[in-house]
Amino acid sequence: QVQLVESGGGLVQAGGSLRLDCAASGSIFRINTMGWYRQAPGKQRELVASITSGGSTNFADSVKGRFTISRDNAKSTVYLQMNSLKPEDTAVYYCNANIRVALAMPAVDYWGKGTLVTVSS
């Protein structure tokens, strides 16, 4: 059973910073790409940032230059450092990881339960 557990959300003023952590646990053979998505009220879930097992990153245009993503493969953890936060960054942030639980099994996407980030103006 694979679980993704997020932490680090909360309330912050515009211009502030937050860091989100997501730790994967359970029976894991290999973790491929890890990433963060977000969903604001009334909007579709969107990709914020992702990072491959080799460290290549991808960011939504709206967060480039403000957010960074990193991972610790030994800890099966991905981090999202969010700086210069704006009210429009307010959303529930979800961790995602593409995980293979065994060599003979295909990789599957897993999701965390989400953590709320609220940026006040």
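In this chain, numbering begins with 1 at the start of the sequence shown. Since the structure is predicted, the reported quantities are computational estimates derived from the model, not experimental observations.
Legend: residues meeting side chain to side chain donor-acceptor pair (under 3.5 Å) with Asn98, ordered by chain and number and at least two apart, are Asn32, Asp109. Not counting sequence neighbours, the partners of Val2 by the side-chain contact (heavy atoms from CB on, under 4.5 Å) test are Ile28, Ile99, Val101, Tyr110. Under the salt bridge (Lys or Arg N to Asp or Glu O under 4.0 Å) criterion, Lys64 pairs with Asp61, not counting sequence neighbours. A search for side-chain contact (heavy atoms from CB on, under 4.5 Å) contacts involving Leu11 returns Thr118, Ser120, not counting sequence neighbours. With sequence neighbours left out, Arg66 forms a side-chain contact (heavy atoms from CB on, under 4.5 Å) with Val63, Ser84, Lys86, Asp89. Applying the side-chain contact (heavy atoms from CB on, under 4.5 Å) criterion to Thr68, with sequence neighbours excluded, gives Gln81.
Pairs passing the ring-ring contact (aromatic ring centres under 6.0 Å, His included) check and including a residue from residues 17-36, sequence neighbours excluded, do not occur. For residues 6-106, the set of pairs meeting the disulfide (SG to SG under 2.5 Å) definition, not counting sequence neighbours, comprises Cys22-Cys95. Applying the ring-ring contact (aromatic ring centres under 6.0 Å, His included) rule to pairs touching residues 41-70 yields nothing, sequence neighbours excluded.
For the atom pair Ser62 OG and Glu46 CD, the distance stands at 5.5 Å (nearest 0.5 Å). To the nearest 0.5 Å, atoms CZ (Arg71) and OG (Ser76) are separated by 8.5 Å. To the nearest 0.5 Å, atoms CG (Leu20) and CZ (Arg38) are separated by 11.0 Å. Separation of atoms CG (Asn96) and CG (Leu4) is listed at 7.5 Å; rounding is to 0.5 Å. Expressed to the nearest 0.5 Å, how far OG1 of Thr57 lies from CE of Met34 amounts to 14.5 Å. Here CE of Met82 is found 5.5 Å from OH of Tyr93. Values are rounded to the nearest 0.5 Å.
Residues Met105 and Leu103 fall into different hydrophobic clusters, defined by Ile, Leu, Val, Met, Phe, Trp and Tyr side chains chained together at heavy-atom separations under 4.5 Å.
Annotation for Leu47: hydrophobic cluster partners, listed by chain and number, are Tyr37, Val92, Tyr94, Trp111, Leu116 (ILVMFWY side-chain heavy atoms under 4.5 Å, direct or chained). If you chain together ILVMFWY residues whose side-chain heavy atoms come under 4.5 Å of each other, Tyr79 ends up in a group of its own.
Closest heavy-atom contact between Ala24 and Ile31: CB-CD1, 4.0 Å.
At least one donor-acceptor pair closer than 3.5 Å links the side chain of Glu6 to the backbone N or O of Lys113.
Within 6.0 Å of CD in Gln39 there are more than 12 heavy atoms belonging to other residues, nucleotides or ligands.
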Validation: residues 12-19 side-chain donor-acceptor distances under 3.5 Å, sequence neighbours left out:
residue	atom	partner	partner atom	Å
Ser17	OG	Asn83	OD1	2.9
Arg19	NE	Asp21	OD1	2.9
Arg19	NH2	Asp21	OD1	3.4
Arg19	NH2	Asp21	OD2	2.9

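The shortest side-chain heavy-atom distance between Thr33 and Ile51 does not fall under the 4.5 Å cut-off.
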